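Okay, structure first, notes after.
Treat the numbers as computed from the prediction; the structure is a model and nothing was measured. Residue numbers count from 1 along this sequence.
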Amino acid sequence: MAEAEATTGRLRLYSYWRSSCSHRARIALNLKGVDYEYKAVNLLKGEQSDPEFVKLNPMKFVPALADGDSVIGDSYAIALYLEDKYPEPPLLPQDLQKKALNHQIASIVASGIQPLRNLIVLRFIDQKVGAGESVLWTQQQIERGFTAIENLIQLKGCAGKYATGDEVQLADVFLAPQIYAAIERTKIDMSNYPTLARLHSEYLAHPAFVAALPGRQPDAPSSF
């Protein structure tokens, strides 16, 4: 399942179709126009604990990106690696304030929302607190993070077509999967977040984002 052998030139992305972290990596690869091999890791079947995959990512998380003998096992690190290796088109602006804002928004998603609704956390809540309790928890964490991002974008007055201007940047790479999951899986009322709702529509019209959608992946169920 998780072969660690090097291939010539072509990157390998170890991904799960429904993982929002993997979703980010797919968007970044698509935006950079990088051809890659898709390696499915079924989290529900526990394939992330396969000894061969653990060699690639000891944290047992997806995504993991293999570039020859190098393996990057975190979506944020993957995005920055791709930015350095394939600088065009850029995901980060030259303007220092806008660059910091992109990192801030990405960090809110990566540190303040997603880890709190990780599959491991949700299973723990359902087991220790009660079946179904994880749903309310998830909604609270997403709404808290979305409120912060919505206010941040409005306060900075930086939104153009996309989150921090008229070009797709790092903030969009992280926002798109989180908004998609909030709407499709958690049923968040996006009327409370008009800027994020508008951005969602823009993402669904962008080919790089559409190609990265969960249902478009080779390991997605045919019924999805």
Side-chain angles (χ1 to χ4, degrees), residues 13 15-31 43 61-63 74-80 82-83 91-92 100-122 125 134-156 158-165 167-206 208-217 220 224:
L13 179 69
S15 172
Y16 179 58
W17 70 279
R18 209 175 187 188
S19 158
S20 62
C21 296
S22 297
H23 193 170
R24 299 170 199 159
R26 296 194 300 263
I27 291 172
L29 285 160
N30 292 345
L31 288 169
L43 302 185
F61 289 162
V62 290
D74 175 85
S75 62
Y76 210 133
I78 288 170
L80 296 183
L82 294 173
E83 178 73 350
L91 294 178
L92 288 168
L101 179 61
N102 271 271
H103 281 298
Q104 186 176 357
I105 293 172
S107 292
I108 291 173
V109 173
S111 302
I113 301 178
Q114 192 278 327
L116 300 176
R117 51 173 293 277
N118 184 283
L119 183 61
I120 296 173
V121 174
L122 301 186
I125 291 172
S134 63
V135 175
L136 179 60
W137 167 264
T138 299
Q139 291 172 338
Q140 289 175 339
Q141 306 317 310
I142 293 174
E143 289 170 353
R144 181 172 63 91
F146 276 10
T147 297
I149 295 171
E150 180 81 17
N151 291 339
L152 182 62
I153 292 175
Q154 292 185 3
L155 178 66
K156 298 293 184 179
C158 60
K161 185 175 183 179
Y162 300 106
T164 58
E167 302 295 332
V168 171
Q169 295 183 330
L170 186 70
D172 303 294
V173 171
F174 280 72
L175 277 174
Q178 192 61 70
I179 297 172
Y180 178 87
I183 293 172
E184 298 296 328
R185 297 171 61 182
T186 317
K187 309 304 179 186
I188 295 294
D189 180 6
M190 294 301 293
S191 66
N192 296 319
Y193 316 104
T195 303
L196 299 186
R198 180 184 62 76
L199 291 175
H200 179 62
S201 297
E202 295 291 352
Y203 300 147
L204 292 181
H206 194 298
F209 287 82
V210 172
L213 287 171
R216 298 290 187 97
Q217 306 318 302
F224 183 78

Measure up the Tyr180 and His200 rings against each other and bin them: parallel (under 30°), tilted (30 to 60°), perpendicular (over 60°). tilted

Interatomic distance, Leu80 atom CG to Leu92 atom CG [nearest 0.5 angstrom]: 6.5 Å

Can Tyr193 and Ile188 be said to form a side-chain contact (heavy atoms from CB on, under 4.5 Å), step by step? CA-CA 10 Å; Tyr193 316 104; Ile188 295 294; 3.9 Å; yes

For a quick test of reading the model, state the closest non-hydrogen atom pair linking Glu143 to Thr147 and the distance between them. O-OG1, 2.8 Å

Out of curiosity, Arg198 CZ to Tyr203 OH, how far, rounded to the nearest 0.5 Å? 8.5 Å

For Pro177 and Ser20, which heavy atoms make the closest approach, and how far apart are they? CB-O, 3.6 Å

Between CD on residue Gln141 and OG1 on residue Thr186, distance to nearest 0.5 Å: 11.5 Å

Could you point out which residue of Ile78, Leu175, Val109, Leu170 forms a side chain to side chain contact (heavy atoms under 4.5 Å, CB included) with Arg24? Val109

Take Ile153 and Leu196, measure what side-chain contact (heavy atoms from CB on, under 4.5 Å) needs, and give me the verdict at the end. CA-CA 9 Å; Ile153 292 175; Leu196 299 186; 4.3 Å; yes

Nearest non-hydrogen partners of Ala208 and Asn30, listed with the distance: O-ND2, 3.0 Å

Can you confirm whether Glu184 is buried at CD, in the sense that more than 12 heavy atoms of other residues, nucleotides or ligands lie under 6.0 Å from that atom? yes

Side chains of Phe61 and Ser19, heavy atoms from C-beta outward: is any pair under 4.5 Å? no

Evaluate side-chain contact (heavy atoms from CB on, under 4.5 Å) for Gln169 paired with Tyr162, printing each intermediate quantity in order. CA-CA 8 Å; Gln169 295 183 330; Tyr162 300 106; over 6 Å; no

Would you find a donor on one side and an acceptor on the other, under 3.5 Å apart, between the side chain of Glu150 and the backbone of Thr195? yes

Roughly how far, to the nearest 0.5 Å, is the CD1 atom of Ile108 from the CZ atom of Arg144? 9.5 Å

Counting only N and O atoms by type, is there a donor-acceptor contact under 3.5 Å from the side chain of Arg185 to the main-chain atoms of Arg18? yes

Parallel, tilted or perpendicular: which describes the rings of Tyr76 and His103, with under 30° parallel and over 60° perpendicular? parallel

Check the pair Arg216, Arg26 against side-chain contact (heavy atoms from CB on, under 4.5 Å), reporting the backbone distance first and the verdict last. CA-CA 11 Å; Arg216 298 290 187 97; Arg26 296 194 300 263; over 6 Å; no

Does any N or O in the side chain of Gln178 come within less than 3.5 Å of the main-chain N or O of Ile113, such that one atom is a donor and the other an acceptor? no

Heavy atoms only: give me the nearest Leu199-Ala163 pair and the separation to one decimal. CD2-N, 3.5 Å

So do the side chains of Leu152 and Leu101 get within less than 4.5 Å of each other, counting heavy atoms only? yes

Separation of Phe209 CZ from His23 NE2 (nearest 0.5 Å): 8.0 Å

If I compare all heavy atoms of Thr164 with all of Ala171, which pair ends up nearest, and what's the gap? CG2-CB, 4.2 Å

Glu83 (side chain) donor-acceptor with Leu91 (main chain) under 3.5 angstrom: yes

